[in-house]
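Side-chain atoms are counted along with the backbone in the values below, which use heavy atoms only and exclude waters and symmetry mates. Positions are given from 1 along the sequence. Remember, it's 1-based here, ligands and their atoms both numbered in the order they're listed.
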Amino acid sequence: MGILEKISEIEKEIARTQKNKATEYHLGLLKAKLAKYRAQLLEPSKSASSKGEGFDVMKSGDARVALIGFPSVGKSTFLSLMTSTASEAASYEFTTLTCIPGVIEYKGANIQLLDLPGIIEGAAQGKGRGRQVIAVARTADVVIMMLDATKGEVQRSLLEKELESVGIRLNKHKPNIYFKPKKGGGISFNSTVTLTQCSEKLVQLILHEYKIFNAEVLFRDDCSPDEFIDVIVGNRVYMPCLYVYNKIDQISMEEVDRLARKPNSVVISCGMKLNLDYLLEMLWEYLALTCIYTKKRGQRPDFTDAIILRKGASVEHVCHRIHRSLASQFKAPAPSTAHSGWA
Ligand SMILES: Nc1nc2c(ncn2[C@@H]2O[C@H](COP(=O)(O)OP(=O)(O)OP(=O)(O)O)[C@@H](O)[C@H]2O)c(=O)[nH]1
Ligand SMILES: [K+]
Ligand SMILES: [Mg+2]
């Protein structure tokens with residue numbers, strides 16, 4: 001049996017297994033198996049054809065945003081509107097076949113926006129150029145999932161599933177679990193909170209499935225088995241995602257209102273240039289960038305020239321951006337410990 005078949009067998013078994021106390025270990029094990037097979041599937045294949053031709057775009061600017069969506073939702077139209085780059089837009093599907101970078105200039109920051117080919121169900125398993133697109137998405141700081149407001153919710157959940165299946169976690173925090181494999185001593189299990197979804201026994205079962213017999217595990221939150229598996233597997237990316245519903249010129253006001261109220265969602269029309277400013281504001285918030293203005297002694301700050309930093313940057317980062325040797329010239333206290341967590 002191929003890996004794809006094994007995955008589909010397990011998925012079917014999970015679907016037909018009722019979720020209750022008696023089946024919780026069985027389900028936990030199935031999920032661990034599923035994650036293992038998916039990881040195998042993602043291992044880079046040796047054939048040259050899977051290489052991302054036209055997808056190796058250099059990172060540039062202060063942050064990177066990837067446009068993910070089904071074909072013809074308006075990704076290229078959006079890139080052409082927001083940046084000085086033109087990306088071909090047309091009414092037929094799969095107009096865009098490679099990765100096309102543009103730059104959004106906002107609040108003094110250069111935000112790299114990547115237009116990508118449309119992806120469809122099965123993308124994660126290599127349908128279309130799905131794998132290359134998803135590989136680019138993994139490198140982004142924020143994903144814009146562009147949706148056609150006229151098409152209903154099914155596109156959104158399909159894409160979420162695709163990204164989920166390759167270890168991309170949207171709008172989720174890294175699970176607060178300390179996990180450290182050891183050379184010996186068995187499994188030591190502790191938690192600082194009451195656990196309602198995992199137990200010591202389930203944790204052990206899952207670890208054994210991964211052939212881990214010695215480890216230290218500390219749950220600091222009431223995490224689920226899936227979250228625990230994410231921590232063991234390790235190569236997950238946790239990424240903010242904005243759901244952008246385009247083409248609202250084609251739907252009723254009531255429908256616009258309903259979509260706009262969904263969490264992490266913005267409604268726009270590229271065709272009629274509606275709500276694009278608000279989208280930029282939201283994007284800025286999701287990127288969590290901070291502007292720092294420097295000033296010379298006795299002069300007013302220069303608000304035209306900001307230093308752009310990511311959330312969590314320290315004074316040391318600021319110094320580094322001003323001059324490479326500035327931080328090392330500081331006398332005690334060391335700048336990084338004096339004020340960490342600037343943004
Ligand atoms: N009515 C309406 N049409 C739009 C809007 N935005 C884009 N379109 C149209 O939608 C079609 C597809 O636009 P594209 O920008 O090519 O879509 P895409 O997502 O890049 O498509 P692929 O590259 O094929 O994946 C074009 O005919 C656009 O003119 C909008 O806000 N309203
Ligand atoms: K198109
Ligand atoms: Mg396109």
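Taking the charged nitrogens against the carboxylate oxygens, Lys6 and Glu9 have no contact shorter than 4.0 Å, which rules out a salt bridge. Asp115 has no carboxylate O lying under 4.0 Å from a charged side-chain N of Lys75, or vice versa, which leaves the two without a salt bridge. Using a cut-off of 4.0 Å between Lys/Arg side-chain N and Asp/Glu carboxylate O, Arg258 and Glu255 are scored as salt-bridged.
In terms of polar-atom proximity, Leu116 is not counted as a contact of ligand 1, lacking any N or O under 3.5 Å from an N or O of the ligand. By the 3.5 Å distance cut-off applied to N or O atoms, Gly271 is counted among the residues near ligand 1. For ligand 1, the polar-atom distance check finds an N/O of Thr96 within less than 3.5 Å of one of the ligand's N/O atoms. For a threshold of 3.5 Å applied to N or O pairs, the pair formed by Gly74 and ligand 1 contains at least one separation below that value. Taking distance alone, with nitrogen or oxygen atoms compared against 3.5 Å, Pro117 stays at or beyond that limit from ligand 1. Residue Thr95 places at least one N or O, backbone or side chain, under 3.5 Å from an N or O of ligand 1.
Residue-ligand proximity, Phe94 to ligand 1, at heavy-atom distances under 4.0 Å covers atoms 24 (O). Heavy-atom proximity to Ser269, at under 4.0 Å, picks out these atoms of ligand 1: 31 (O). Those atoms of ligand 1 that come under 4.0 Å of a heavy atom in Tyr92, given as number and element, are 24 (O). Counting atoms of ligand 1 from 1 in the listed order, those under 4.0 Å from a heavy atom of Gly118 are 25 (O). Of all the atoms in ligand 1, the ones that sit under 4.0 Å from a non-hydrogen atom of Ser91 are 27 (O). For ligand 1 and Ala89, the ligand atoms under 4.0 Å from any heavy atom of the residue are 14 (P), 15 (O), 16 (O). The ligand atoms of ligand 1 that sit less than 4.0 angstrom from a heavy atom of Gln250 are 1 (N).
Here atom 16 (O) of ligand 1 lies nearest to Ala90 when heavy atoms of Cys270, Ser80, Ala90 are compared. The residue from Glu93, Met146, Lys247 that puts a heavy atom closest to atom 10 (O) of ligand 1 is Lys247.
Among protein heavy atoms, the minimum distance from atom 1 (N) of ligand 1 is reached at Asp249 OD2, 2.9 Å. The protein non-hydrogen atom at the shortest distance from atom 29 (O) of ligand 1 is Thr77 OG1, 4.5 Å. For atom 25 (O) of ligand 1, the nearest non-hydrogen atom of the protein is Lys75 NZ, 2.9 Å. From the protein, the heavy atom lying nearest to atom 21 (O) of ligand 1 is Ser72 N, 2.8 Å.
In Phe78, neither the side chain nor the backbone holds a heavy atom less than 4.0 Å from any atom of ligand 1. Residue-level proximity to ligand 1 for Asn246 is carried by the side chain, the only part with a heavy atom below 4.0 angstrom.
Contact annotation: the side chain of Leu207 approaches that of Phe228 to within less than 4.5 Å [non-hydrogen atoms, C-beta and beyond]. Side chains of Ile10 and Tyr37 form a contact here, defined as non-hydrogen atoms less than 4.5 Å apart. Looking only at side-chain heavy atoms (C-beta outward), Val267 and Val256 come within less than 4.5 Å of each other. Residues Met146 and Ile268 meet the side-chain proximity criterion, which asks for heavy atoms closer than 4.5 Å.
The hydrophobic clustering, which links ILVMFWY residues whose side-chain heavy atoms are closer than 4.5 Å, places Ile232 and Ile168 apart.
Rounded to the nearest 0.5 Å, atoms CG (Leu114) and NZ (Lys59) are 9.5 Å apart. Between Glu24 atom CD and Lys19 atom NZ the span is 9.5 Å, to the nearest 0.5 Å. Note that the CG atom of Leu205 and the CD atom of Glu200 stand 11.5 Å from one another [nearest 0.5 Å]. Within the model, atoms CD of Gln197 and CG of Leu195 stand 8.5 Å from one another, a figure rounded to the nearest 0.5 Å.
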Report task. Check step by step if salt bridge (Lys or Arg N to Asp or Glu O under 4.0 Å) holds for Arg64 and Asp141. Result -> CA-CA 5 Å; Arg64 170 177 265 200; Asp141 299 301; over 6 Å; no
Report task. Kindly determine whether Arg156 and Tyr245 satisfy side-chain hydrogen bond (donor to acceptor under 3.5 Å, both in side chains), including the steps that lead there. Result -> CA-CA 10 Å; Arg156 175 170 168 168; Tyr245 291 89; 2.8 Å; yes
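Inspection of the Asn264 and Tyr286 side chains reveals an N or O donor paired with an N or O acceptor under 3.5 Å.
When each of Thr85, Thr95, Thr96 is tested with Ser76 by the rule side-chain hydrogen bond (donor to acceptor under 3.5 Å, both in side chains), just one qualifies, namely Thr96.
Protein N/O/S atoms nearer than 2.8 Å to the Mg ion (ligand 3) total 2.
Sorted by first then second residue, the ring pair (Phe, Tyr, Trp, His ring centres under 6.0 Å) pairs that include residues 160-207, not counting sequence neighbours, are Phe189-Phe219. Sorted by first and then second residue, the pairs that involve residues 103-160 and meet ring pair (Phe, Tyr, Trp, His ring centres under 6.0 Å), not counting sequence neighbours, are Tyr106-Trp284.
Shown here are the protein N/O/S atoms lying under 3.4 Å from the K ion (ligand 2), water excluded: Ser72 OG, Ala90 O, Tyr92 O, Thr95 OG1.
Within 6.0 Å of NZ on Lys262 lie more than 12 heavy atoms contributed by other residues, nucleotides or ligands.
Ala149 and Leu259 get closest at one heavy-atom pair: CB-CD1, 3.9 Å.
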